[in-house]
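Single-structure report; data block below.
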Protein chains: 4
Amino acid sequence: MTVDALIEATARILVRDGFDKASTNRIAEKAGVSVGSLYQYFPSKEALVTAVIERHSQELMQVVRDALADAATLPMEQAVRVLVNAAIEAHRIDPELHRVLAEQIPRTGRPENTEVLSGETYALFRAYLEAHCEEFRAVDLGLAAFVCVTSIEALTHTAVVHHSESLSNEAFEVLIDEATRLIVRYLQ
Amino acid sequence: MTVDALIEATARILVRDGFDKASTNRIAEKAGVSVGSLYQYFPSKEALVTAVIERHSQELMQVVRDALADAATLPMEQAVRVLVNAAIEAHRIDPELHRVLAEQIPRTGRPENTEVLSGETYALFRAYLEAHCEEFRAVDLGLAAFVCVTSIEALTHTAVVHHSESLSNEAFEVLIDEATRLIVRYLQ
Amino acid sequence: MTVDALIEATARILVRDGFDKASTNRIAEKAGVSVGSLYQYFPSKEALVTAVIERHSQELMQVVRDALADAATLPMEQAVRVLVNAAIEAHRIDPELHRVLAEQIPRTGRPENTEVLSGETYALFRAYLEAHCEEFRAVDLGLAAFVCVTSIEALTHTAVVHHSESLSNEAFEVLIDEATRLIVRYLQ
Amino acid sequence: MTVDALIEATARILVRDGFDKASTNRIAEKAGVSVGSLYQYFPSKEALVTAVIERHSQELMQVVRDALADAATLPMEQAVRVLVNAAIEAHRIDPELHRVLAEQIPRTGRPENTEVLSGETYALFRAYLEAHCEEFRAVDLGLAAFVCVTSIEALTHTAVVHHSESLSNEAFEVLIDEATRLIVRYLQ
DNA sequence: TATGAATGAGCATTCATTCAT
DNA sequence: CATGAATGAATGCTCATTCAT
């Protein structure tokens, strides 16, 4: 319970104040425990932030995993649409947190945060491509997965994180169409 | 001269030590002036970082501007290829600085750094699309520019910043082909 | 048993990590009990350290007591030699602990640690002098005991604690000769 | 001036509160400057304490150096008396500080504080012995210097630091006689 | 009796910023 | 204009001690 409260408090303070202002004393106070307790469960501020990243990543990946499981047997266009939808849904879990995590966290050691967040997606999507390779042109699957995942991630991330207020639901629908078209025609 | 030295020193320290370790005293020392002088020319550390962003953006944008000027009269496929090449070239100007700027700088206030870096690109590319709209399907030009610019930026950024060491020159050539195909077929 | 384990753990951690790093939690862990139990038997960290000093002093004093009992009936030169040997033996019981105790422990209140360690020796040696006063010149016995005990303690302490590695067994034998001569001729 | 004030404040706080309670903030406050200034002149608390040790050692050694220069041409007994007097005078410079420095400072790295404080004395006294070796029996000069310096240091240290209040001036005179006798007869 | 989670004051250190010279 | 000593709030983290179970 204390651990959860600390992770949650860290996430909220990261969002509200940014990484630099997220002091361990403030986090502990917000979590309703003392600094001492914080350090009983996390050896350093970095470990706490890592736990936040981990928790957020797991939530994100669950959405992506579910989507790719659903997509496994669908033809390519529908599969891509499912994935694009999932990407948007994932970014909407906690867009502000996602943004802070993506932009503001000093690297905590290899591998890159970005890769941590997208590495599994890449692998899962590549697996889909392998299973469906007869539906599209011959291409290096690793490269294709990189192009598709990077593009979908960038489009949905930018749309959700930077333009959510200015984009209507219809606009999002259109964006989904366009992103799907981008990927499908690329693969054909 | 002092101003230039300060901006350059800030950029180098940002790259070498990261944002958190880039203290104004260290920057001043590296620039060969006193902290006092630093504050004579820049009202705050943030202003200094903003100046670095500004200078880097200008260098980046000059590459992009030149490329789009070159591309203005080219047919779409060649134009897109020129733009993709320019994006890679731009990211290679100072990839480490670009990365620090993109990832590690606490937001300095609206508008987003990302937008600062890509906002003009978006406008320039949209202008190209307007001038060449008969070469491709009917589509919302703003949306199309967003999709294209965001995708190209993400692919080239990720490739240059995160995978430069592991990618051969030929691999970059293939990536350019793929990125070009992605955009061209999307627009067709 | 718990008390012994705690004292032993404290001694070992004092030696290994020094006073500053010897936290009560670490001591309790090393002793295989909880901090709570530590505070059930010792009211404070200071009390624990005092117990370590006490135990070490008792071990030391046993050696000294035995030596002076042996020396009681010996003529002066042999008696002094026995005492010097005992002093070296005593310092060799746990030289590292002795050093930490002597140098690094913040005073825990009157009486001085040094006096705790040497006070009884002083009294015992004075008693020997009283019993053998006809063997040497007339002198204030308290003063003579102070001079002898302080010198023997300093010589053996410095030799064992600071120069053990660099001193061969023969060198120690010579040192014993010299220390004995120092005291014997002083008393004559 | 700031540097001197800091060293002096450190010395006074070391004496008053002991090493553990000598916080850098308290030291700075006592010195009448801010912590920031403290760290402008000393890279760490340890460096500050080292400076205190250094200053105190220099004061001590000046007394000892002067005494041994005076003693150089004197016959042994007078020379030893001069040295014993100097040892007492040296310990009286700042007995409380000497005690804290000798007993309470966590080792700051090789060489031992004790050796730092007494190493030069040892060398100087050995030089005296070399120059006067025909006045006493044949003996290993290094060993003799060790025995003499260690004994004198221990006797004067213990007397001044631990028994100053309880010892009258006459008692000190007697102690000087005894210490001189101890050394002189040892060397004869 | 034993436990160990919780406490929170305290510490060493950093750094953006000011201002007298 | 330039200097750089001075400031002091703020930070990450430790540890002796308590107390509900």
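Below, chain A is the first sequence line, B the second, and so on; all start at residue 1.
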Donor-acceptor contacts, no H, no angles, side chain residues 9-18 of chain D, under 3.5 Å, sequence neighbours left out:
{"from": "D/Thr10", "atom 1": "OG1", "to": "D/Leu6", "atom 2": "O", "distance (Å)": "2.7"}
{"from": "D/Arg12", "atom 1": "NH1", "to": "D/Glu8", "atom 2": "OE2", "distance (Å)": "3.0"}
{"from": "D/Arg12", "atom 1": "NH2", "to": "D/Asp94", "atom 2": "OD1", "distance (Å)": "3.3"}
{"from": "D/Arg12", "atom 1": "NH2", "to": "D/Asp94", "atom 2": "OD2", "distance (Å)": "2.9"}

> F/dC15 P sits how many Å from C/Leu48 CG, rounded?
Replying inline: 15 Å
>> Whole angstroms only, please: what is the CG-P distance between B/Leu6 and F/dT3?
In response: 10 Å
> Between F/dT7, E/dA2, F/dC1, which one does the side chain of D/Gln40 approach most closely?
Replying inline: F/dT7
> With respect to the phosphate group of E/dG8, does any side-chain polar atom (N or O) of A/Ser34 fall under 4.0 Å of OP1 or OP2?
Replying inline: no
> Starting at CG of A/Leu38 and ending at P of E/dA5, how long is that distance when rounded to a whole Å?
Replying inline: 15 Å
> Do the rings of C/His98 and C/His157 sit parallel, tilted or perpendicular, given the 30° and 60° boundaries?
Replying inline: tilted
>> Under the rule for side chain to side chain contact (heavy atoms under 4.5 Å, CB included), what residues qualify as partners of A/Gln40, not counting sequence neighbours?
In response: none
>> In whole Å, I'd like the distance from the CD atom of A/Glu29 to the C1' atom of E/dA6.
In response: 16 Å
> Quick one: what's the B/S/- string for nucleotides 12-21 of chain E, heavy-atom cutoff under 4.0 Å, read 5' to 3'?
Replying inline: BBBBBBB---
> Just checking, any donor-acceptor pair under 3.5 angstrom between side chains of C/Gln58 and C/Glu54?
Replying inline: yes
> Partners of D/Glu165 by side chain to side chain contact (heavy atoms under 4.5 Å, CB included), sequence neighbours excluded?
Replying inline: none
> In Å and rounded to the nearest 0.5 Å, what is the CD1 to CD1 distance from D/Ile53 to D/Ile7?
Replying inline: 11.5 Å
>> As an exercise, state the distance from CG of C/Leu101 to CD of C/Glu96, rounded to the nearest 0.5 Å.
In response: 11.5 Å
> Which distance, rounded to the nearest 0.5 Å, do you find between the OG of C/Ser23 and the NZ of C/Lys21?
Replying inline: 10.5 Å
> Mind pulling the stems DNA chain E is in, i.e. runs of at least three Watson-Crick or G-U pairs, everything under 3.5 Å?
Replying inline: E:2-21 with F:2-21
> Looking only at side-chain N and O atoms, does D/Thr2 come under 4.0 Å of OP1 or OP2 in F/dA6?
Replying inline: yes
Cut-off 3.5 Å, no hydrogens considered: what does the side-chain donor-acceptor table look like for residues 28-38 of chain A, sequence neighbours left out?
{"from": "A/Ser34", "atom 1": "OG", "to": "A/Ser37", "atom 2": "N", "distance (Å)": "3.4"}

>> Heavy atoms only, 4.0 Å cut-off, all strands: where does B/Phe42 land among base, sugar-phosphate and nothing?
In response: nothing
